[in-house]
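Worksheet for the structure shown next.
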Amino acid sequence: MNKDEICARIPHAGRMCLLERVQDWDETGIHCLATSHRDADNPLRSRDRLPAVCGIEYAAQAMAVHAGLRAASAAVKPALGMLAAVRDLRLAVTRLDDVDGELHIHALRLSGDETGFIYEFDIKADDDALMSGRIVVKLLETLA
């Protein structure tokens, strides 16, 4: 799945769609790749830097793509969600803009129902762990 297909599945468009492609996915998880962390016009940059905590948005977008793919495979409409909590966040770096190579974003669905879901995620570059944690998403409504 390429960037255009990803952007069609999540409510982010243009530069705010941070993921480059879906490498692999199944019912329980997804592996996405991104290079936008090095872009000078990355919309999450602040003071010419991309703080590592912005990796949460990369993980959240991977989760949204996964939820959309799961919904499509079940022939149901995807639901609009809102990030409700981040737990057990571990940062091994302070910035992402100076990380060479692609970001590998892995998200594993731990639980979920019609009210929301929880994913565990990690982001790596090559074999270097950059960050990890858990994200809780509250579902708001089904998209039209």
Side-chain angles (χ1 to χ4, degrees), residues 1-39 41-47 49-97 99 101-144:
M1 177 178 291
N2 65 32
K3 186 173 185 95
D4 291 337
E5 293 167 313
I6 291 169
C7 290
R9 293 194 180 275
I10 62 175
H12 299 81
R15 292 184 355 250
M16 196 55 209
C17 182
L18 302 173
L19 304 175
E20 201 67 33
R21 67 184 182 277
V22 172
Q23 185 74 13
D24 189 28
W25 79 279
D26 61 24
E27 283 300 307
T28 59
I30 192 164
H31 173 195
C32 297
L33 301 173
T35 58
S36 63
H37 62 290
R38 294 186 312 260
D39 293 348
D41 66 346
N42 185 305
L44 300 179
R45 275 185 172 247
S46 175
R47 297 185 180 144
R49 295 176 179 216
L50 183 64
V53 72
C54 293
I56 293 168
E57 180 61 28
Y58 283 82
Q61 287 189 22
M63 292 166 43
V65 173
H66 187 251
L69 289 167
R70 282 176 47 98
S73 71
V76 297
K77 292 182 181 179
L80 183 60
M82 177 178 71
L83 195 147
V86 177
R87 306 265 193 235
D88 299 324
L89 183 63
R90 291 178 203 88
L91 301 173
V93 295
T94 58
R95 303 169 55 173
L96 294 177
D97 57 288
V99 172
E102 294 177 313
L103 297 181
H104 290 259
I105 303 105
H106 296 92
L108 177 66
R109 185 180 170 109
L110 300 177
S111 65
D113 60 22
E114 64 278 350
T115 64
F117 45 82
I118 300 171
Y119 278 78
E120 180 177 78
F121 75 92
D122 68 75
I123 300 177
K124 297 179 179 178
D126 297 320
D127 290 328
D128 297 326
L130 305 177
M131 65 186 305
S132 64
R134 286 182 292 133
I135 296 177
V136 179
V137 171
K138 169 76 174 141
L139 296 178
L140 304 174
E141 61 187 59
T142 301
L143 296 174

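Values below: all heavy atoms of this structure, side chains included; hydrogens, waters and symmetry mates excluded. In this text, all values refer to a predicted model and were calculated from it rather than measured experimentally.
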Are the side chains of Leu44 and Glu57 in contact, using a 4.5 Å heavy-atom criterion?
yes
Return yes if a side-chain donor-acceptor contact under 3.5 Å exists between Thr35 and Glu20, otherwise no.
yes
Salt bridge or not for Arg38 and Asp97, using N-O below 4.0 Å?
no
With the threshold set at 4.0 Å, does a side-chain nitrogen-carboxylate oxygen contact exist between Arg21 and Glu102?
yes
Any side-chain heavy atom of Met63 sitting closer than 4.5 Å to one from Phe121?
no
Can you establish whether the number of heavy atoms outside Lys124 located under 6.0 Å from its atom NZ is more than 12?
no
Distance from Lys138 atom NZ to Leu140 atom CG, nearest 0.5 Å?
7.5 Å
For the residue pair Arg70 and Arg109, establish whether any side-chain heavy-atom pair is separated by less than 4.5 Å.
yes
If we ignore hydrogens and angles and just use 3.5 Å, is the side chain of Asp39 paired with the main-chain N or O of Asp41 as donor and acceptor?
no
Does Arg95, at its CZ atom, have more than 12 non-hydrogen atoms belonging to other residues, nucleotides or ligands within less than 6.0 Å?
yes
Mind telling me whether His31 and His104 have parallel, tilted or perpendicular rings, with 30° and 60° as the class edges?
tilted
Are the side chain of Gln61 and the backbone of Leu18 linked by a donor-acceptor contact shorter than 3.5 Å?
yes
Test your reading of the model: is there a side-chain donor-acceptor pair from Tyr58 to the backbone of His37, 3.5 Å cut-off?
yes
Nearest atoms (heavy-atom pairs only) where Thr28 meets Leu108
O-CD1, 3.3 Å
Reported OG-to-CD distance for the pair Ser111 and Glu120, which is rounded to 0.5 angstrom
11.0 Å
Work out which heavy atom in Ile105 is nearest to a heavy atom in Ala34; give both atom names and the distance.
CD1-CB, 3.9 Å
I'd like to know if the side chain of Asp126 and the backbone of Asp128 have a donor-acceptor N/O pair within less than 3.5 Å.
no
Check whether any side-chain heavy atom of Arg15 sits under 4.5 Å from a side-chain heavy atom of Asn42, and report yes or no.
no
Does any part of the side chain of Leu80, heavy atoms only, come nearer than 4.5 Å to the side chain of Leu139, both counted from C-beta?
no
Could you go through the side-chain contact (heavy atoms from CB on, under 4.5 Å) check for Met131 and Leu89 one step at a time?
CA-CA 7 Å; Met131 65 186 305; Leu89 183 63; 3.6 Å; yes
